[in-house]
Amino acid sequence: MKQLKNYINGQLVAPVAGQYIDNYNPATGEVFSLIPDSDEQDVELAVQAAQAAFPEWAKTPAEKRGQMLMRIADLIDQHHDRLAEAESVDNGKPLKLAKTVDIPRASSNMRFYGTAIQHFASEAHYMEGTEAINYTIRHPHGVAGCISPWNLPLYLFTWKIAPALAAGNCVVAKPSEVTPMTAYLLSELCQEAGLPAGVLNIVHGYGHKVGAAMVAHPKVPVISFTGGTATGRSIAATVAPMFKKLSLELGGKNPNIIFADCDFNNALHTSIHSSFANQGQICLCGSRIFIERPLYDKFRDAFVEKVKAMSVGDPLEDSTKQGAVVSEQHMQKVLSYIALAKEEGGTILTGGQQVQVEGRCAKGWFIAPTVIEGLPYNCRTNTEEIFGPVVTLTPFDTEEEVIQYANCTDYGLSATIWTQNLPRAHHVAHQVHSGIIWINTWLLRDLRTPFGGMKNSGVGREGGFEALRFFTEPQNVCVKL
Ligand code: NAD
């Protein structure tokens, strides 16, 4: 059985304590590899390696750092099929999705920041009258800690480490212990690319051990975290008295608002994706669908018909639309929310149960895509993050009403609005408290834009120059002429 290793100081090494965690294939329910169960000793070694590599990496010209990221991007592309299969096996997502979304986006992230750093300029402010000039230098921080979740493993891992490295930091990174495989394969690619030892270190293991040790480490002054809101809250509590710089990308409970004048086919087709892509395990999925009353019955019937036709099964099969959810524990959590929806008075229109797949995947963790109606807009099912293939349908009558529905949760990550009335689209967009709004589309991403959530969905923004600003410390120098 494959035993993964940590990547520390340019070497693939076993965890100091020699302990391992079982890694499951969610589609078969079987253990297929072992992950280092690292602890603070491994984190210490990684931080020391990153500190030692920092002076040289920080003074490497941005163009050269960028070229190194591009070399890694090229290697990700060359190993596209192998990485996509590893991602699908580790996470349960359809191989097709890993091939078309996860892995291409991972190399795009590296390429985007490999070039962005060459266009990243600092400011100068000339003071008329007093004849002085201020210029701002942006220094890398030193060792950056990057912690990522399981839903888009390599995609979100690279989304953090690329800007951190491009800006001249050395990195200690921790992928999710639930989906470590592609981060491990990336460490092999970094060796092949000739990334200097210690510039990137990848430590595998549990959040409460490895993640907590990174967050509390006094020599890691900057933490970028993507994951659940409860974890983000505990990280914030640790780092606040240490005055660390912190970026938090957290959970969501996103509204998908459909007005009666929308382009029906487009709204219908895209809403299937925005509800169930990656088994609904994307922080940006629209899990609360609000439909203007005159369109409600037509949309509901067409939507449910399409959901019923979605094939659930072996993620490696080309025809599969819904793969496995990521773990047995997560499956139980999602099923418990479906039970809660029934208690709260919801009607299950389709789905609502575990799916038993035949053959190779007989012991896998599959859930039928589930559509629920008849729930109050502010019940627990409609306000808590489920993060699975479950959506609710709710009718509305007025703009004011749907804005109230959209804003009634503690989350504020993204929202989607479907209407052909553009003034209304803008008006509603400006009233909805979400960091990212899509009008007549979903998940259309321009990597230059600020990405992040309001309220309990996060603190700070990633993407574009925002991330390069986050991973650098500005210093103003004032010169009297
Ligand atoms: P999680 O919070 O359980 O884990 C995320 C990462 O944090 C993992 O690597 C985990 O090991 C680590 N971790 C856990 N406890 C820790 C601790 N005490 N200290 C430091 N690190 C710790 O989240 P998850 O279940 O892996 O991911 C799902 C969540 O992530 C959902 O809430 C989803 O909405 C969110 N998410 C948000 C975004 C975004 O961009 N806003 C993107 C993807 C996922």
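Start at 1 with the first residue, then count along the sequence. Indexing begins at 1, ligand by ligand and atom by atom, following the structure's order.
- Annotation for ligand 1: atoms under 4.0 Å from non-hydrogen atoms of Lys174 are 9 (O), 10 (C), 11 (O), 12 (C).
- Checking Asn23 against Asp90 by side-chain atom types alone, a donor-acceptor pair falls below 3.5 Å.
- Not a single heavy atom of Gly453 sits closer than 4.0 Å to an atom of ligand 1.
- Take Arg445 and apply the salt bridge (Lys or Arg N to Asp or Glu O under 4.0 Å) test, not counting sequence neighbours, and it matches no residue.
- Between Lys174 and Asp42, no side-chain nitrogen of the basic residue sits less than 4.0 Å from a carboxylate oxygen of the acidic one, so the salt-bridge criterion is not met.
- Here's the thing with Gly207: one of its N/O atoms is less than 3.5 angstrom from an N/O atom of ligand 1.
- Residue contact check for ligand 1: Gly458 places no non-hydrogen atom closer than 4.0 Å to it.
- When each atom of ligand 1 is checked for a heavy atom of Ala212 under 4.0 Å away, the hits are 19 (N), 20 (C).
- In terms of protein heavy-atom proximity, atom 6 (C) of ligand 1 is nearest to Ser148 O, 3.5 Å.
- The contact set between ligand 1 and Thr231, taken as ligand atoms under 4.0 Å from a residue heavy atom, comprises 1 (P), 2 (O), 3 (O), 13 (N), 14 (C), 15 (N), 16 (C), 17 (C), 22 (C).
- Protein non-hydrogen atoms do not reach within 4.0 Å of atom 4 (O) of ligand 1.
- For the residue pair Asn6 and Ser38, a side-chain donor N or O sits within less than 3.5 Å of a side-chain acceptor on the partner.
- Listed by number with element, the atoms of ligand 1 under 4.0 angstrom from any heavy atom of Leu156 are 42 (C), 43 (C).
- Taking the six-membered ring where the residue is Trp, the centroids of Trp159 and Phe112 are separated by 6.0 Å or more.
- Counting only heavy atoms of the protein, atom 32 (O) of ligand 1 lies nearest to Glu385 OE1, 2.6 Å.
- Taking every non-hydrogen atom of Trp150 and a distance limit under 4.0 Å, the qualifying atoms of ligand 1 come out as 24 (P), 25 (O), 26 (O), 27 (O).
- Residue His330 is tested with Trp365, Phe366, Trp150 for a ring-ring contact (aromatic ring centres under 6.0 Å, His included); the sole match is Trp150.
- Here the side chain of Asn456 pairs no donor or acceptor atom with the backbone of Thr229 at under 3.5 angstrom.
- Residue contact check for ligand 1: Gly452 places no non-hydrogen atom closer than 4.0 Å to it.
- Every atom of ligand 1 is numbered from 1 in the order shown, and the set under 4.0 Å from a heavy atom of Pro175 is 9 (O).
- In this structure, the protein non-hydrogen atom closest to atom 41 (N) of ligand 1 is Leu250 O, 2.7 Å.
- At a heavy-atom distance under 4.0 Å, only side-chain atoms of Asn151, from C-beta outward, approach ligand 1.
- Side chains of Gln404 and Asn378 form no contact here, defined as non-hydrogen atoms less than 4.5 Å apart.
- The distance from ligand 1 to the heavy atoms of Glu177 drops below 4.0 Å at these ligand atoms: 10 (C), 11 (O).
- Considering Phe290, Phe396, Tyr405 as possible partners of Tyr377, the one that fulfils the ring-ring contact (aromatic ring centres under 6.0 Å, His included) test is Tyr405.
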